[in-house]
Amino acid sequence: MSDSRSRWPWPRVIAHRGGGRFAPENTLAAIRRGHAMGFRAVEFDVMLAADLVPVLIHDETLERTTNSRGRVAEHSSAALAALDAGSWFGAAFSGEPVPTFADAARLCRALGLWANIEIKPATGQDIETGQRTALLTADLWKNAPGPLPLLSSFSAPALAAARDLAPQFPRGLLVDAAPADWQSRASALGCASLHCNQAKLDEATAREVVAAGYGLATYTVNDPAIARRLLDWGVDAVFTDRLDLIGANFA
Ligand code: G3P
Ligand code: MG
C-alpha cells in the first residue's frame with residue numbers, strides 16, 4: 001500500500017465549486033465563503049468565454065446560474081462579468097459576477113487556498129480549453145510559494161493539452177464510475193490522481209487505485225457517514241457541498 005501523503009499531498013476535504021451549498025457556485029463569493037468556513041482547499045470549474053478567456057462556470061449555458069440565457073461560449077468575458085450569477089442563490093449575493101479564472105486564482109493565492117482547477121470544456125473546445133487554462137495557470141502560479149494547484153478534467157484531450165503546455169502541474173483524471181482501464185488512461189495522461197463519483201465507487205476499486213499509487217478523490221460527498229467510509233477505504237480526499245457537516249478537519 002502506498003503512502004497517503006505521497007499519493008495526495010494536499011488537503012483531504014475540498015469545498016466543491018468554491019463554497020458548496022453556502023454560496024452561489026463558482027463565484028468569488030463562494031471561494032471567500034469556503035475560506036471563511038475554515039477550508040484550505042477549493043474546487044471550481046473553468047470554461048472558455050467567447051474571447052477565449054477562461055471563466056468560472058459549470059454549465060455550458062447561462063440559465064441555471066445567471067440572470068441571462070444562451071451559451072457561455074457565445075458571450076465575451078466582459079459580458080459574463082456584467083451578469084448576475086448570485087441572485088438565483090440568494091438576494092445577499094445579488095450582482096455577483098461570473099468571475100474570470102485569473103481573478104479566482106488571485107483570490108485563492110491571496111487567501112492561501114489550494115485549488116483543484118477542473119477544466120470543463122464546452123462541446124468541441126476540449127483542446128483549446130486545456131491549453132488556455134494550463135497556460136494561465138502557469139502564469140498565475142509562477143513563483144508561488146505553496147503547493148501547485150491540481151488540474152483535473154473528464155476530458156482526456158483537455159488533460160493532454162494541459163500536460164503538453166504546463167507539465168509541471170499535477171493532473172487528475174475525472175470519471176463517473178471508474179472504468180476497467182482506469183490505470184492505463186490515467187497513466188497515458190501522466191495523471192497523479194483519479195477522481196470518482198462516490199456513489200459508483202466500491203471498496204475493491206478504491207483499494208486497487210491507492211495500491212497502484214494513485215491519489216483517489218471522490219465527489220460529491222455530503223453525508224459524513226459516507227465520507228468516513230470512503231476514507232476508511234483509503235480514499236485520499238472528498239469534495240463536499242456540506243461544509244458544515246464535513247468540515248476542513250474532518251479527515
Ligand atoms: O471535480 C469534482 C466535481 O466537481 C466533478 O463534477 O459536475 O460537480 O463538476 P461536477
Ligand atoms: Mg467540478
Side-chain angles (χ1 to χ4, degrees), residues 8 10-28 30-31 33-34 39-48 54-66 72 85 88-89 98-99 101 104-105 108 113-123 125-126 129-130 133-134 137 148-156 158-159 162 169-179 182 185-186 189 191-201 206 209 214-223 226-227 230-231 235-243 246 251:
W8 189 271
W10 308 297
R12 290 160 66 81
V13 189
I14 303 163
H16 186 229
R17 304 184 190 176
R21 67 179 299 203
F22 293 91
E25 64 185 59
N26 288 311
T27 62
L28 299 184
I31 293 170
R33 183 60 62 94
F39 275 67
R40 296 181 292 278
V42 292
E43 180 263 5
F44 48 77
D45 306 299
V46 174
M47 193 178 293
L48 296 184
V55 299
L56 266 58
I57 197 158
H58 181 278
D59 298 0
E60 285 196 44
T61 52
L62 296 166
E63 279 78 354
R64 184 175 63 85
T65 60
T66 79
V72 174
W88 70 271
F89 184 89
V98 175
F101 168 48
C108 287
L113 284 167
W114 178 78
N116 174 196
I117 301 157
E118 183 187 339
I119 306 169
K120 191 76 112 178
T123 305
Q125 295 198 306
D126 297 65
T129 309
T133 304
T137 300
L148 295 176
L150 173 67
L151 296 169
S152 65
S153 190
F154 288 100
S155 165
L159 285 172
F169 291 95
R171 287 171 300 283
L173 177 61
L174 265 160
V175 295
D176 183 22
W182 69 267
R185 290 198 207 184
L189 294 162
C191 286
S193 56
L194 187 71
H195 303 195
C196 298
N197 181 345
Q198 57 87 15
K200 299 183 181 174
L201 182 68
V209 174
Y214 285 83
L216 177 58
T218 51
Y219 63 90
T220 303
V221 186
N222 293 328
D223 178 333
I226 293 175
L230 291 164
L231 294 167
V235 165
D236 293 301
V238 295
F239 300 96
T240 187
D241 294 319
R242 293 305 304 257
L243 313 192
I246 304 173

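Atoms within each ligand, like the ligands themselves, are counted from 1 in listed order. We're numbering straight along the sequence, starting at 1.
- Between His16 and ligand 1, at least one pair of N/O atoms sits closer than 3.5 Å.
- The protein heavy atom nearest to atom 7 (O) of ligand 1 is His58 NE2, 2.7 Å.
- Not a single heavy atom of His195 sits under 4.0 Å from any atom of ligand 1.
- Of all atoms in ligand 1, numbered sequentially from 1 with element shown, those under 4.0 Å from a heavy atom of Arg17 are 7 (O), 8 (O), 10 (P).
- With respect to atom 1 (O) of ligand 1, the closest heavy atom belonging to the protein is Glu43 OE2, 2.8 Å.
- Judged by distance alone, the side chain of Arg33 and the main-chain N or O of Phe22 form a donor-acceptor pair under 3.5 Å.
- Applying the side-chain hydrogen bond (donor to acceptor under 3.5 Å, both in side chains) test between Arg17 and each of His58, Glu43, Glu118 identifies His58 as the sole match.
- Within Glu43, the N, O or S atom at minimum distance from the Mg ion (ligand 2) carries the name OE2.
- Not one N or O of Thr220 is nearer than 3.5 Å to an N or O of ligand 1, by distance alone.
- Classified by interplanar angle (parallel below 30°, tilted 30° to 60°, perpendicular above 60°), the ring pair Trp114/Trp10 is parallel.
- Restricting Glu118 to its N/O/S atoms, the shortest distance to the Mg ion (ligand 2) is reached by OE1.
- Side-chain N or O atoms of Thr27 include one that pairs as donor or acceptor with a backbone N or O of Ala30 at under 3.5 Å.
- The distance from ligand 1 to the heavy atoms of Lys120 drops below 4.0 Å at these ligand atoms: 7 (O), 9 (O), 10 (P).
- Judged by distance alone, the side chain of Thr240 and the main-chain N or O of Val221 form a donor-acceptor pair under 3.5 Å.
- Residue-level check: among N/O/S atoms of Asp45, OD1 sits closest to the Mg ion (ligand 2).
- Ring geometry, Tyr214 versus Trp182: the interplanar angle exceeds 60°, so the pair is classed perpendicular (tilted spans 30 to 60°).
- Results of the side chain to side chain contact (heavy atoms under 4.5 Å, CB included) test with Lys120 over Leu48, Asp45, Thr129 single out Asp45 as the only residue that passes.
- Remark: the Asn116 side chain and the Ser152 side chain contain an N/O donor-acceptor pair separated by less than 3.5 Å.
- Below 3.5 Å of separation, one finds an N or O of Glu118 facing an N or O of ligand 1.
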